[in-house]
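First comes the structure, then the notes that go with it.
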Protein chains: 2
Amino acid sequence: MLKDLDPLLHSQLRLGVMSLLLGVDSAEFTWLKEKTNSTAGNLSVQLDKLSEAGYIEVVKSFSGKKPLTTCKITKKGIKAFEDYVNNLKGYINN
Amino acid sequence: MLKDLDPLLHSQLRLGVMSLLLGVDSAEFTWLKEKTNSTAGNLSVQLDKLSEAGYIEVVKSFSGKKPLTTCKITKKGIKAFEDYVNNLKGYINN
DNA sequence: AATTTTGGTTTATATTATAAACTACTTTAT
DNA sequence: ATAAAGTAGTTTATAATATAAACCAAAATT
């Protein structure tokens, strides 16, 4: 039967972020912004949501004197992503 | 690169409807309601949206004296679904 | 020293999803 | 015959979500 899709992941931008984070050790805000083609505001909000869900870890530091936001997917995030993909397959495979 | 996902299909209920319709010649409202586990109101609204986009065809008739709503996916709908799935793969494969 | 750029956050608005309330008719029970 | 319950939906109000506009602080550029 059709399983429910995690609403936190069923969002183009958040799914894009998670997909990108799966492929790297960690990623900077500006890199994610470029890769996802999003606005800074939108990305900021969505990163917060993923972070509050424990799907990613966000570290705010400085690169010299400029703020630097770095994101990393968590174990919980990887699991959620895998579950999401598995459930999604019920919708798209056949 | 990550392609945009058709917002009309990127919705659990509408995607579920389309997925179900792909597997049958046509389907009744009540069958879709059961299979998708949705409320009648929500389903009604989402079927309208799919219909207005030309992704499905909705025929309202009678079964004896009871109203009968029948849905069928269109060529345009099949194409949109296929495109959606292909774009989605960019997010979930790797 | 004014302007632009960088790297964001906050907040307001537009869009979307969902459920509650309603309509219209039918069937069943009294 | 009529009241109550069921069927098959639609309309509308509300809750949730996504998105962008406005903003902030510091740094770099002209």
Any Ile78(A) side-chain heavy atom under 4.5 Å of Glu82(A) side chain: yes
Is it the case that the side chain of Lys35(B) and the backbone of Leu2(A) share a donor-acceptor pair, with hydrogens and angles ignored and the cut-off at 3.5 Å? no
Report all interatomic pairs (protein N or O, nucleotide N or O of nucleotides 22-30 of chain D) with separations under 3.5 Å.
none

Just jot down the ring-ring contact (aromatic ring centres under 6.0 Å, His included) partners of Phe29(B), sequence neighbours excluded, or say none. none
So which atom in Tyr91(A) and which in Phe81(B) form the shortest heavy-atom distance, rounded to 0.1 Å? O-CZ, 3.5 Å
Residues from residues 55-63 of chain A lying under 4.0 Å of DNA chain C - heavy atoms: Lys60(A)
Write down the distance between CG (Asn42(A)) and C1' (dA14(C)), rounded to a whole number of angstrom. 13 Å
Separation of Leu50(B) atom CG from dT16(C) atom P, in whole Å? 13 Å
Using atom types as modelled and distance alone, determine if a side-chain donor or acceptor of Asn87(A) lies under 3.5 Å from a backbone N or O of Leu5(A). no
Within the 4.0 Å heavy-atom criterion, would you say Thr30(A) contacts the bases, only the backbone, or no part of the nucleic acid? sugar-phosphate
Nucleotide nearest Gln46(A) when distance is taken to its side chain, options dA18(D), dT10(C), dT10(D): dA18(D)
Using whole Å, what does the distance between atom C1' of nucleotide dT16(C) and atom CG of Asp48(B) come to? 15 Å
Scan residues 39-61 of chain B for pairs that pass salt bridge (charged side-chain N to carboxylate O under 4.0 Å, His left out), counting only residues two or more places apart or in two chains. none
With heavy atoms under 4.0 Å as the rule, sort Thr69(B) into base, sugar-phosphate or nothing. sugar-phosphate
Interatomic distance, Glu34(A) CD vs dG8(C) C1' [rounded to whole Å]: 15 Å
Test item: Val17(A) and Gln46(A) side chains (from C-beta on) under 4.5 Å apart, heavy atoms: no
Starting at the 5' end of DNA chain D and moving along, which residue's nearest nucleotide shows up first, Val45(B) or Glu28(B)? Glu28(B)
Base, sugar-phosphate or nothing for Leu43(B)? Non-hydrogen atoms, less than 4.0 Å. nothing
Looking at Ile56(B) and Val58(B), what are the two nearest heavy atoms and their distance? CD1-CG2, 3.7 Å
Check Thr36(B), Leu32(B), Val45(B), Leu47(B) against Leu13(B) for a side-chain contact (heavy atoms from CB on, under 4.5 Å) and give me the one that passes. Thr36(B)
Within this structure, what is the CG-to-C1' distance between Leu32(A) and dT6(C), rounded to whole angstrom? 16 Å
Grab the CD-C1' distance between Glu52(B) and dT10(D) for me, whole Å please. 14 Å
What pairs of donor and acceptor atoms, side-chain ones from residues 61-73 of chain B against any protein atom, are under 3.5 angstrom apart with sequence neighbours left out?
unit_1   : atom_1 : unit_2   : atom_2 : d
Ser61(B) : OG     : Leu68(B) : O      : 3.4
Lys72(B) : NZ     : Asp25(B) : O      : 3.4
Lys72(B) : NZ     : Asp25(B) : OD1    : 2.8

May I ask you to list the residues of residues 3-15 of chain B, by number, that have any heavy atom positioned under 4.0 Å from an atom of DNA chain C? Ser11(B), Arg14(B)
Just how far is it from atom CG of Asp6(A) to atom CG of Leu88(A), taken to the nearest 0.5 Å? 11.5 Å
From dG8(C), dT17(D), dG9(D), nucleotide with atom closest to Lys49(A) side chain: dT17(D)
Apply the side-chain hydrogen bond (donor to acceptor under 3.5 Å, both in side chains) test between Tyr84(A) and each candidate in His10(A), Lys79(A), Lys89(A); give the one that qualifies. His10(A)
Please report the distance, rounded to the nearest Å, between CG in Leu47(B) and P in dT18(C). 14 Å
